[in-house]
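A quick write-up on the structure given underneath.
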Amino acid sequence: MIVLAYLISAPLSTSQEVSAHDKPNRIFFGSRTTDEGDEEHLRRVAEILLDLEKDGTFDALHKRLPFKWNDDEQYDTVNPFGDPRQYQYHALWTFDTQNDTLRYTSANRCSQIPLGLLRERAVSLADMEPLGEPISVPLEHTFDSETPCWKPHVRVDNRMRAFAHRLLRDFHHQWRHILRNNYNSVTLRVLSRAIIRLSTLDFEVHENTGGHGPRGVHVWITQLPAWEPFEADIVRVGTVWVVLCQDIQNGLSIAQQHVASREISTTEGPSTTTSGEAHAQYMILSVKHIMLCHATDGASLKHTAPEPLFNGDYGTGPPSDLALDYLIWATASARPSIFTTIHSLPIEVQDIILDYSSVGTVVAAKLGCMLGLGSPFLWKDGPLKVTLEERYVIRPSGSSVESQVWFAEHKSGIFYLARAEY
């Protein structure tokens with residue numbers, strides 16, 4: 001059986017430019033194949049730590065635990081349990097030396113024990129405090145508002161709705177093992193950047209027309225995304241400010257402070273900032289929820305009700321059409337607006353031209369959205385249905401094109417292949 005482990009310590013050092021709060025912890029990920037039971041494993045850990053000083057805990061565990069640690073450090077932990085693909089893993093041990101705790105997670109339960117107790121005496125599984133199910137139950141969403149919610153008239157182009165809704169839902173599916181759990185601020189920035197890139201068509205589609213490729217799955221349940229995160233918790237996307245947060249109520253407070261700092265003033269007409277910009281627009285994005293806001297008088301904000309977004313199919317299910325429409329509508333100014341003479345041609349002719357723009361239909365659909373050309377994408381390639389692929393497939397030469405969504409040099413985990421419908 002395979003046992004997984006994370007070893008967490010505080011950051012190595014803190015510079016003047018980066019506060020201790022912003023620096024990520026050092027996280028090592030390892031695994032081992034063993035017939036050793038949980039009781040025996042815990043006894044082994046206690047033998048390593050017994051009579052040891054607290055300051056020596058990390059080094060002792062890193063050197064003496066029988067796990068093969070990955071060369072690269074992680075920026076967050078991933079819980080593989082609570083997913084149907086968990087079958088090959090027996091347990092996950094998380095050694096958090098910063099908080100001085102040891103957590104045990106399996107398919108059936110989660111428990112923890114202070115590492116200080118292991119430094120004092122021999123322990124058993126009975127000494128561990130039960131924490132419940134392996135997946136943390138999401139906090140019940142609460143949002144208190146003193147004003148009625150804003151209900152904007154959201155208009156989304158049918159091409160964008162057909163194309164981007166599917167992309168975003170497939171991203172949600174591929175990374176559901178992370179989205180259903182809690183995650184740190186780095187992961188929040190990583191996920192948020194992908195969501196914004198998909199919403200604004202800021203990605204590349206690589207077309208694989210060759211034969212055999214690698215084996216295995218595109219995204220595994222212990223995997224973290226590899227693309228770069230946003231560099232701040234408030235980022236400008238087109239004309240909208242995106243506020244990244246773990247809690248939607250806190251995100252609204254951050255947006256209100258941001259509005260006040262930009263000295264919003266109201267004149268006879270639209271509100272403007274002291275720099276002459278139109279009144280501020282905000283997207284509050286916790287990944288699990290989305291809310292839109294716009295500045296009114298002074299530093300006040302009108303906002304929509306929070307809408308459930310990406311929760312990894314846990315509890316609320318997949319994102320709603322309205323949540324995805326909010327994403328696409330609010331970020332419309334960040335997408336290119338290009339007019340060509342092709343716009344004057346009939347839609348049927350535009351479709352023919354787009355068909356000649358690439359080998360596969362996914363690239364053509366993206367181009368149609370960027371140029372405002374053609375019909376909404378039906379996710380078909382002739383008589384074949386374009387489907388999300390979770391695994392690499394052996395493709396004989398001459399088979400339908402594989403369309404891979406990339407963020408610069410990093411795979412997004414979204415791969416499409418046209419297949420016959422059964």
Side-chain angles (χ1 to χ4, degrees), residues 1-9 25 27-50 57-58 61-62 64-70 74 76-141 175-184 187 217 219-224 246 288 310-317:
M1 59 186 178
I2 300 175
V3 178
L4 305 175
Y6 284 103
L7 179 57
I8 306 172
S9 76
N25 293 331
I27 302 175
F28 296 85
F29 176 61
S31 63
R32 64 184 293 228
T33 301
T34 179
D35 293 327
E36 188 175 85
D38 295 332
E39 197 75 66
E40 187 177 353
H41 177 81
L42 184 61
R43 185 163 53 248
R44 178 197 291 267
V45 177
E47 290 173 356
I48 293 172
L49 297 182
L50 188 62
T57 300
F58 175 84
L61 292 173
H62 189 255
R64 297 181 60 189
L65 282 173
F67 292 98
K68 178 177 174 55
W69 302 110
N70 287 9
Q74 307 289 294
D76 202 353
T77 61
V78 180
N79 174 15
F81 294 104
D83 188 290
R85 298 167 291 177
Q86 69 189 11
Y87 61 90
Q88 73 180 75
Y89 299 121
H90 172 70
L92 167 65
W93 295 87
T94 303
F95 301 87
D96 186 349
T97 63
Q98 184 178 28
N99 295 307
D100 209 35
T101 60
L102 169 60
R103 175 172 294 199
Y104 168 86
T105 308
S106 69
N108 302 313
R109 63 188 178 93
C110 182
S111 57
Q112 72 176 17
I113 189 171
L115 287 172
L117 191 60
L118 277 72
R119 291 191 294 267
E120 294 176 2
R121 63 174 176 84
V123 297
S124 68
L125 292 174
D127 294 310
M128 301 191 75
E129 174 191 1
L131 297 178
E133 298 295 321
I135 299 181
S136 300
V137 177
L139 295 175
E140 188 69 24
H141 172 68
W175 296 99
R176 62 196 182 277
H177 63 287
I178 294 176
L179 292 164
R180 70 163 56 97
N181 285 293
N182 297 321
Y183 36 81
N184 64 22
T187 303
V217 297
V219 178
W220 188 235
I221 54 174
T222 58
Q223 186 177 339
L224 286 165
Q246 295 280 4
K288 296 187 183 299
F310 294 138
N311 291 281
D313 294 333
Y314 190 92
T316 59

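Computed from a predicted structure; not experimentally measured. All values below were derived from every heavy atom in this structure, side-chain atoms included, with hydrogens, water molecules and symmetry-related copies excluded.
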Flag, side chain of [X] to backbone of [Y], donor-acceptor distance under 3.5 Å:
X	Y	answer
Tyr6	Val78	yes
Asn99	Thr101	no
Asp76	Asn184	yes
Lys288	Leu179	yes
Thr33	Ile2	no
His177	Gln223	yes

Handout entry: Check against side-chain contact (heavy atoms from CB on, under 4.5 Å), Leu102 and Leu42
Key = CA-CA 10 Å; Leu102 169 60; Leu42 184 61; 3.7 Å; yes
Please report the shortest heavy-atom distance between [X] and [Y], naming the atom on each side.
X	Y	value
Val123	Asp127	CA-OD2, 3.3 Å
His41	Trp93	CD2-CE2, 3.2 Å
Gln86	Ala107	NE2-CB, 3.4 Å
Ala5	Phe95	CB-CE1, 4.2 Å
Thr105	Pro134	CG2-CB, 3.9 Å
Phe28	Phe58	CE1-CZ, 3.4 Å

I want to check something: taking the side chain as every heavy atom from C-beta on, are [X] and [Y] in contact at a cut-off of under 4.5 Å?
X	Y	value
Val3	Glu36	no
Thr94	Asn79	no
Tyr89	Thr222	yes
Leu4	Phe29	yes
Glu39	Ser124	yes

Problem - Evaluation steps, side-chain contact (heavy atoms from CB on, under 4.5 Å), between Asp96 and Gln112 - result: CA-CA 10 Å; Asp96 186 349; Gln112 72 176 17; over 6 Å; no
Handout entry: Test log, rule side-chain contact (heavy atoms from CB on, under 4.5 Å), inputs Arg32 and Leu65
Key = CA-CA 10 Å; Arg32 64 184 293 228; Leu65 282 173; over 6 Å; no
Problem - Single hit among Thr34, Asp38, Asp35 for side-chain hydrogen bond (donor to acceptor under 3.5 Å, both in side chains) with His90 - result: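 Among Thr34, Asp38, Asp35, the one that satisfies the side-chain hydrogen bond (donor to acceptor under 3.5 Å, both in side chains) with His90 is Asp38.
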Problem - Of all pairs that satisfy salt bridge (charged side-chain N to carboxylate O under 4.0 Å, His left out), the ones with a partner from residues 111-120, not counting sequence neighbours - result: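 Sorted result for residues 111-120: Asp100-Arg119.
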State the [atom1]-[atom2] distance between [X] and [Y], to the nearest 0.5 angstrom.
X	Y	atom1	atom2	answer
Ile178	Asp83	CD1	CG	11.0 Å
Arg180	Phe310	CZ	CZ	14.5 Å
Ser9	Gln98	OG	CD	7.5 Å
Leu118	Ile113	CG	CD1	5.0 Å

Exercise for the section: Dump the intermediate steps for side-chain contact (heavy atoms from CB on, under 4.5 Å) on Arg109 and Tyr104, then the final yes or no. Expected result: CA-CA 8 Å; Arg109 63 188 178 93; Tyr104 168 86; 3.7 Å; yes
